[in-house]
Amino acid sequence: MMGVGGGLGMEATNCGALLRELQQIWAEVGESEGEKKKVLSEIERECLEVYRRKVDDANRTRVQLHQSVATKEAEVASLVATLGEHKLYLKKDKSVVPLKEQLAAVVPVLENLKGKKEERLKQFSDIQSQIEKIRSELSEYRDGDDKANSLIVDENDLSTRKLNNYQAQLHALQKEKSDRLHKVLEYVNEVHCLCGVLGIDFGKTVNGVHPSLHQNGLEQSTNISNSTLEGLANTISNLKAEQRSRIDKMRETMESLCKLWKLMDSPQEERRQFNRVLSVLISSEEEILSPGVLSQETIEKMGAEVERLTKLKARRLKEIFMKKRKDIMDRINKWISACDEEAWLEEYNQDSKRYSAGRGAHINLRRAEKARILVTKIPAMVDNLINRTFAWENARNKPFLYDGGRLISVLEEYRLNREQKEEEKRRYRKKLESILLKEKEAIFGSKGSPKRAVSLNRRTNGYRSSGTTSGLMTPNPRRSSLGGATPELLTPRSCSGHYNRYFSDSRRLSATQLNFGDDSLSTFTSISGSEPESPIFGIM
């Protein structure tokens, strides 16, 4: 029992010394051999139990060390696989390395890998948060912060390769964000410039696309989604279309202004207020950058100036017009006045109470006498007016237009209608004379007294001829109550109606006001049949 393990030499020496001391004691005591053997057996058994306990403890320690080393090596292997860091841990030959050394070697490696995992997790979380945030900014919905806070990182793959992939995605998204932000700012600047040129509210315009485009606060970043870019592009397109429309309208208005300035010989003081607009309109669309130069206020101001000059031009045209055809117009007015008097006289002749002793009857009688004299001059007035109009047309080689029609046509139509009316009156007079002759023959026979027939004719007629060219029948107050005929029979209603309707049309034509509108040149030509000869109208 004393030879157990060479490493226990000191313990064996101590046990041998104690055994010798025990034997010496037994010799002094005189202990029997049996008792000595018994005690020695007990001592050996107790030693074996102590050794067994120590061996068991050693075995348990060895197992624990094996388990601990295996566990930590498994963790290391898992972390190495997760992180993809195969070069960080190299396995050694376990047969030559004690367990405690193995454990001591694997613990720092494990701690190092755990630190790298925590750092890698943080990197993945940060990168994924940035990716989701940028994606939300590029999309239609701005909930990137909420998504970033609820991200779950996959801890089974934290390799550098995967991290590099995320970093590549992040860099691509950051570049797209930068490009979009640059594009949005470029669009916003262009909208700002166009709104300034057109005099349109910039804030209201961009707010219609997205409110963040006009907010200076830090609580909301600029929206760079596809809808924002599309909205800005459409806004720019609409503003450019409006710009082109206003440029065309202002150029047309400016062209009218320049013609009117030249026509009216406007002073430089009146033109100077539009010099800036004129200099801008001769530039290309890209060069028009002056604020408010294409505003609605400027357009209205130009339109008001055109309207003012047009009215001034109309007044001057009217003055020139009245000077260049006054002779013919005076004769037209006299002819129309004579026609009015003729119509009045015809109505007056049909009034059965015209000779009553009422108030004002003598005034109407004097007017009727003057009207009969004036009516006799109508045919000569018409012929003279036709001759003068023909002379005017031959001199200018163009028709003289009156109220949209040729004056010669109006006069010829009037003359023709008048001749037809006279012819109807002559036929009616012949028919009436035939009727009266038959009545005379029925009363006096075929050989009645001629003097009696003439007297009867006068008594029956009740009217005497006025002797005028117009053929109107003038009433005879002394014979109006005699005979079988009435004043209504002596004035044919069909002829009178046609006559009055014609003169109602003439009245309408004569009452029409001369129009000197925007197209005053064409109006002037259509009225007078000639262009202005004054130098001020030379450009027309």
Side-chain angles (χ1 to χ4, degrees), residues 328 331-352 354 364-365 367-390 402-403 405-440 454 457-477 479-480 483-510:
I328 295 181
R331 295 180 183 276
I332 290 176
N333 292 332
K334 290 180 180 179
W335 166 56
I336 293 175
S337 177
C339 292
D340 293 340
E341 288 298 304
E342 185 179 25
W344 176 87
L345 181 61
E346 187 169 316
E347 293 177 359
Y348 176 78
N349 289 336
Q350 296 177 8
D351 186 5
S352 60
R354 61 187 179 276
N364 288 333
L365 284 173
R367 180 181 177 183
E369 291 300 326
K370 293 180 180 180
R372 291 186 187 96
I373 297 174
L374 183 61
V375 167
T376 61
K377 301 178 181 179
I378 289 180
M381 293 170 61
V382 172
D383 293 339
N384 184 273
L385 187 56
I386 290 176
N387 294 333
R388 287 182 177 272
T389 305
F390 271 128
Y402 179 78
D403 197 25
R406 190 184 178 196
L407 180 60
I408 294 294
S409 300
V410 175
L411 295 172
E412 292 288 353
E413 182 183 1
Y414 169 79
R415 187 163 61 179
L416 178 61
N417 290 334
R418 190 177 182 86
E419 291 175 355
Q420 291 176 353
K421 184 186 71 171
E422 295 296 334
E423 182 62 28
E424 289 179 3
K425 285 187 176 182
R426 283 193 293 270
R427 287 197 300 267
Y428 178 79
R429 190 180 297 111
K430 290 181 179 179
K431 182 178 180 181
L432 184 60
E433 290 176 354
S434 176
I435 293 174
L436 293 176
L437 182 61
K438 288 180 181 180
E439 290 180 355
K440 182 189 70 171
V454 172
N457 185 21
R458 288 180 178 177
R459 290 176 57 193
T460 306
N461 188 358
Y463 280 76
R464 61 183 176 85
S465 175
S466 63
T468 63
T469 308
S470 63
L472 287 175
M473 306 302 293
T474 306
N476 186 347
R479 300 288 187 258
S480 60
T486 64
E488 286 77 5
L489 289 175
L490 298 179
T491 304
R493 291 296 183 186
S494 61
C495 179
S496 175
H498 180 77
Y499 179 77
N500 290 335
R501 283 196 304 272
Y502 177 80
F503 279 103
S504 66
D505 293 340
S506 299
R507 290 282 295 171
R508 179 185 61 79
L509 293 175
S510 64

- Task: Would you sort out whether Lys421 and Glu424 count as a salt bridge (Lys or Arg N to Asp or Glu O under 4.0 Å), showing the intermediate values?
- Result: CA-CA 5 Å; Lys421 184 186 71 171; Glu424 289 179 3; over 6 Å; no
- Task: Enter the distance from Glu369:CD to Leu374:CG here, rounded to the nearest 0.5 Å.
- Result: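 Glu369 atom CD to Leu374 atom CG measures 13.0 Å (nearest 0.5 Å).
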- Do Arg331 and Met381 come within less than 4.5 Å of each other through their side chains, counting heavy atoms only?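 Arg331 vs Met381: side chains apart.
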- Spacing of NZ belonging to Lys334 relative to CG belonging to Asn384, to within rounding of 0.5 Å: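 Reported to 0.5 Å precision, the distance equals 10.0 Å.
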- Query: Does any non-hydrogen side-chain atom of Arg427 lie less than 4.5 Å from one of Glu423?
  - Reply: yes
- Message: If I take atom CZ from residue Arg367 and atom CZ from residue Arg372, how far apart are they, to the nearest 0.5 angstrom?
- Response: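 The CZ atom of Arg367 sits 12.0 Å away from the CZ atom of Arg372.
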- Task: Evaluate the side-chain contact (heavy atoms from CB on, under 4.5 Å) criterion for residues Asp340 and Trp335: first the C-alpha distance (whole Å), next the side-chain angles of each, then the deciding distance (0.1 Å), finally the verdict.
- Result: CA-CA 9 Å; Asp340 293 340; Trp335 166 56; over 6 Å; no
- salt bridge (charged side-chain N to carboxylate O under 4.0 Å, His left out) involving Asp383 - partner list, sequence neighbours excluded: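 With sequence neighbours excluded, Asp383 shows a salt bridge (charged side-chain N to carboxylate O under 4.0 Å, His left out) to Arg415, given in chain and number order.
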- Is the shortest heavy-atom distance from the side chain of Lys440 to the side chain of Leu437 under 4.5 Å?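 Side chain of Lys440 against side chain of Leu437, heavy atoms only: contact under 4.5 Å found.
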- Query: Judged by atom type as modelled, is there a donor-acceptor pair below 3.5 Å linking the side chain of Thr389 to the main-chain atoms of Leu385?
  - Reply: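 The answer is yes, because a donor-acceptor pair under 3.5 Å joins these two groups.
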- Query: Is there a side-chain contact between Tyr348 and Leu365, using heavy atoms and a 4.5 Å cut-off?
  - Reply: yes
- Query: Which atom names give the shortest non-hydrogen contact between Arg388 and Ile328, and what distance separates them?
  - Reply: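 Scanning both residues, the minimum pair turns out to be O-CD1, 4.4 Å.
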- Query: Would a distance-only check, ignoring hydrogens and angles, find a side-chain to backbone donor-acceptor pair under 3.5 Å from Asn417 to Glu413?
  - Reply: yes
- Task: Evaluate the side-chain proximity of Ile386 to Leu407: yes if any heavy-atom separation is below 4.5 Å, no if none is.
- Result: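 Result no, sub-4.5 Å side-chain heavy-atom pair not found.
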- Message: For Lys370, give me all partners under side-chain contact (heavy atoms from CB on, under 4.5 Å), at least two apart in sequence or on another chain.
- Response: none
- Are side-chain heavy atoms of Asn349 and Trp344 found at a separation under 4.5 Å?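 Asn349 does not reach Trp344 side chain to side chain.
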